[in-house]
Amino acid sequence: MSGLASARRVVVKIGSALVVGPDGAPDSAWLSDFAADLARLRARGQQVLVVSSGAVALGRRRLGLNRKALTLPEKQAAAAAGQSALMHAWEAALKPHGLPVAQVLLTRDDTEIRRRWLNARATLETLLDLGVVPVVNENDTVVTEEIRYGDNDRLAARAGQLIGADLLVLLSDVDGLYTADPRSDPSAAHVPLVTDLDAGIEAMAGGANTAAGVGTGGMATKIMAARIARQAGCATLITLGGRASPLAAVEAGARATLVTAAVSPHAARKSWIGGSLAPSGVIRIDAGAARALRRGKSLLAAGVTAVEGRFGKGDAVVVRDEAGAEVGRGLCRYDSDDAARICGLSSAAVEAELGFSEGPVIHADDLAVSA
């Protein structure tokens with residue numbers, strides 16, 4: 001029912017109230033228990049990315065910023081002071097399980113500007129393939145109000161989009177979605193399964209848990225995050241985080257809410273590439289490359305015969321065969337100038353020509369083949 005056991009890739013979002021104890025220091029006991037959760041998932045072959053809040057809360061303590069409301073520069077200073085403490089806490093928790101950790105700091109531009117999106121995805125994919133647990137947080141030290149996510153629930157959903165996650169786990173201060181706020185309405189009923197995020201579901205979401213004293217999210221932001229994840233083919237699990245090994249607890253039958261995904265991450269991504277992006281140029285290919293693409297292969301430079309239009313790295317392009325028929329649409333890993341320079345070259349010759357290589361011109365994962 002939870003979807004945890006069957007997910008290939010899992011993103012887990014953890015709020016400040018879980019990472020930081022009442023004394024303002026890292027909650028090492030909770031982190032240790034959660035690390036055992038992650039180790040169990042990793043041992044059965046699952047890849048896990050963690051989105052962790054807590055840098056600002058930990059930085060407050062280091063800098064003596066005890067006021068509840070901080071200015072943006074004060075938040076940025078607290079984040080700068082607290083981020084190293086946050087990563088040290090994660091490293092200490094995961095080291096006994098032999099799990100290496102890497103810090104990844106993102107802004108909204110990293111998931112909305114295609115060139116930066118490709119770079120961020122490549123980094124996260126490489127870390128996961130190397131067996132590393134990426135610990136993602138918003139880059140609060142430089143972010144402005146115009147380019148910030150505002151809460152890590154939505155950041156976690158965007159991270160799930162980046163890596164094609166099957167399941168997004170949002171650890172909350174309640175054990176799922178209720179028909180009303182259970183903290184103020186004892187008659188509120190738990191909702192274990194959501195198959196459509198309609199207006200009725202959104203109306204059930206309450207505000208932030210101001211009693212916690214840290215964090216910015218609430219059930220409303222979790223439902224927003226679930227909508228983002230659902231559109232990317234990723235299911236969302238909302239459950240209580242404030243207990244030992246919360247993932248094991250859910251698999252043992254603890255209460256949670258599962259928001260299903262209508263399609264798979266792969267199908268959602270192909271649909272987005274094929275129908276939602278306006279192409280910026282055209283790449284023409286030979287007959288051999290066209291056959292390879294229809295078999296699910298990547299587009300290599302050797303099969304490219306011409307490049308038309310002006311486009312940047314990560315922009316969408318139309319791929320056409322020798323007769324001019326559309327073979328598909330995809331995200332090009334080179335800008336138009338570089339793509340034109342490597343037309344017809346073998347993969348080994350690409351780096352010699354450009355001084356670098358981004359791999360195939362269009363990776364199979366970034367290509368939607370026409371019917």
Side-chain angles (χ1 to χ4, degrees), residues 8-9 110-126 128-129 161-165 231-234 262-371:
R8 180 181 65 93
R9 281 186 171 171
D110 294 316
T111 56
E112 294 189 359
I113 297 174
R114 282 195 290 275
R115 175 180 56 81
R116 294 174 65 169
W117 184 92
L118 281 175
N119 290 337
R121 190 185 69 164
T123 298
L124 291 172
E125 291 272 3
T126 301
L128 291 169
D129 290 343
Q161 279 184 317
L162 273 175
I163 66 169
Q231 291 170 346
C234 179
V263 295
S264 70
H266 182 75
R269 179 167 167 72
K270 296 289 186 177
S271 176
W272 171 67
I273 293 172
S276 301
L277 299 177
S280 301
V282 175
I283 290 181
R284 296 192 179 273
I285 61 175
D286 61 29
R291 288 193 296 270
L293 296 191
R294 293 189 175 101
R295 295 198 305 268
K297 303 296 184 180
S298 298
L299 175 60
L300 304 180
V304 177
T305 59
V307 174
E308 301 171 6
R310 301 286 298 178
F311 52 85
K313 175 184 175 182
D315 283 348
V317 296
V318 176
V319 180
R320 297 189 182 278
D321 63 17
E322 294 172 322
E326 183 173 321
V327 178
R329 299 186 179 207
L331 306 182
C332 188
R333 294 194 168 192
Y334 300 85
D335 64 29
S336 52
D337 290 338
D338 289 337
R341 288 174 60 187
I342 62 175
C343 282
L345 296 184
S346 67
S347 297
V350 168
E351 186 165 0
E353 173 65 27
L354 298 179
F356 67 92
S357 174
E358 297 287 356
V361 174
I362 302 176
H363 193 279
D365 289 343
D366 298 328
L367 179 71
V369 177
S370 302

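On a predicted model such as this, the values are computed, not experimentally measured, just so you know.
- Looking only at distances, a side-chain donor or acceptor of Thr305 sits under 3.5 Å from a matching main-chain atom of Arg284.
- Counting only heavy atoms from C-beta outward, the side chains of Asp337 and Arg310 approach each other to under 4.5 Å.
- Taking all atoms of both residues into account, the shortest heavy-atom contact from Gly281 to Phe311 is CA-CD2, 3.9 Å.
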(request) Output, in order, the C-alpha distance, side-chain angles, deciding distance and verdict of side-chain contact (heavy atoms from CB on, under 4.5 Å) for Cys332 and Asp315. (result) CA-CA 6 Å; Cys332 188; Asp315 283 348; over 6 Å; no

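- In this structure a side-chain-to-backbone donor-acceptor pair under 3.5 Å is present from Arg341 to Glu353.
- Put simply, the side chain of Asn119 reaches to within 4.5 Å of the side chain of Lys313, judged on heavy atoms.
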(message) Please evaluate residues Leu299 and Leu367 with respect to the criterion side-chain contact (heavy atoms from CB on, under 4.5 Å), reporting the C-alpha separation (whole Å), side-chain torsions for both, the decisive distance (0.1 Å), and the verdict.
(response) CA-CA 9 Å; Leu299 175 60; Leu367 179 71; 5.7 Å; no

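- You'll find the side chain of Glu358 stays beyond 4.5 Å of the side chain of Ile342, heavy atoms only.
- Contact record, Cys343 with Val307: SG-CG2, 3.9 Å, taken as the closest heavy-atom pair.
- In this structure, Val327 and Ala290 approach most closely via the heavy-atom pair CG2-CB, 4.3 Å.
- With rounding to the nearest 0.5 angstrom, the OG atom of Ser370 is 7.0 Å from the CZ atom of Arg329.
- Of the possible polar contacts, one joining the Tyr334 side chain to the Gly359 backbone as a donor-acceptor pair under 3.5 Å is found.
- Closest of all the heavy-atom pairs between Pro360 and Ser298 is CB-CB, 3.8 Å.
- Leu124 has its side chain out of reach of Arg121: every pair of non-hydrogen atoms, C-beta onward, lies at least 4.5 Å apart.
- Rounding to the nearest 0.5 Å places OG of Ser357 at 11.0 Å from CG of Asp338.
- The shortest side-chain heavy-atom distance between Leu293 and Ile362 does not fall under the 4.5 Å cut-off.
- Ion pairing between a basic and an acidic side chain is recognised when a charged N comes within 4.0 Å of a carboxylate O; Arg116 and Asp110 show such pairing.
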